[in-house]
Amino acid sequence: MCLLQLQAAASGLDQTKLSGGFRSIGVHYNYRHYINDTWRIFGEALYERYLSDIADSPIARNNYEAEIGVGVIYVF
């Protein structure tokens, strides 16, 4: 048994064999607002749709990923 088969067996999940091609397609938007020379705020949103082998993988919880983030940046 090869290492990948052993890892799959230990996890209890089926072994997945990935091949070449597109992994995913998505959109990522970020916005940054400069308050002054040292302070900035930002926001971002991401949506990524997994394709082919990734979407069928038993370790993928969903066939997509979505994120939203906000933050503050201070430049020294």
Side-chain angles (χ1 to χ4, degrees):
M1 211 181 255
C2 77
L3 179 61
L4 294 177
Q5 291 170 322
L6 290 171
Q7 289 176 336
S11 73
L13 301 171
D14 292 334
Q15 181 180 357
T16 301
K17 183 173 180 167
L18 302 176
S19 60
F22 284 110
R23 179 185 81 98
S24 64
I25 188 164
V27 174
H28 183 194
Y29 176 79
N30 64 41
Y31 172 79
R32 187 175 290 189
H33 178 74
Y34 293 81
I35 298 171
N36 56 36
D37 288 341
T38 55
W39 288 98
R40 295 158 176 88
I41 57 173
F42 72 91
E44 64 179 340
L46 164 78
Y47 178 80
E48 184 176 14
R49 179 81 171 183
Y50 299 132
L51 305 173
S52 65
D53 296 337
I54 302 295
D56 297 334
S57 170
I59 64 170
R61 294 183 184 144
N62 297 305
N63 59 356
Y64 70 93
E65 176 183 358
E67 296 177 15
I68 296 176
V70 294
V72 177
I73 299 171
Y74 180 79
V75 179
F76 295 93

Applying salt bridge (Lys or Arg N to Asp or Glu O under 4.0 Å) as the test, list every pair that has at least one member in residues 24-41; sequence neighbours left out.
none

How would you list, by chain and number, every residue that makes a side chain to side chain donor-acceptor pair (under 3.5 Å) with Asn36, sequence neighbours excluded?
Thr38

My understanding is that only residues two or more places apart in sequence, or in another chain, count here; which of them pass side chain to side chain donor-acceptor pair (under 3.5 Å) with Arg23?
Glu48

Cluster membership besides Tyr64, Ile/Leu/Val/Met/Phe/Trp/Tyr side chains within less than 4.5 angstrom, sorted by chain and number, is Tyr47

Which atom pairs, one a donor and one an acceptor, fall under 3.5 Å between side chains of residues 65-76 and the rest of the protein, sequence neighbours left out?
| unit_1 | atom_1 | unit_2 | atom_2 | d |
| --- | --- | --- | --- | --- |
| Glu65 | OE1 | Tyr50 | OH | 3.1 |

Set of ring pair (Phe, Tyr, Trp, His ring centres under 6.0 Å) partners for Tyr29, sequence neighbours left out:
none

Search all heavy atoms of Ala45 against all heavy atoms of His28 and return the closest pair with its distance.
O-CD2, 3.3 Å

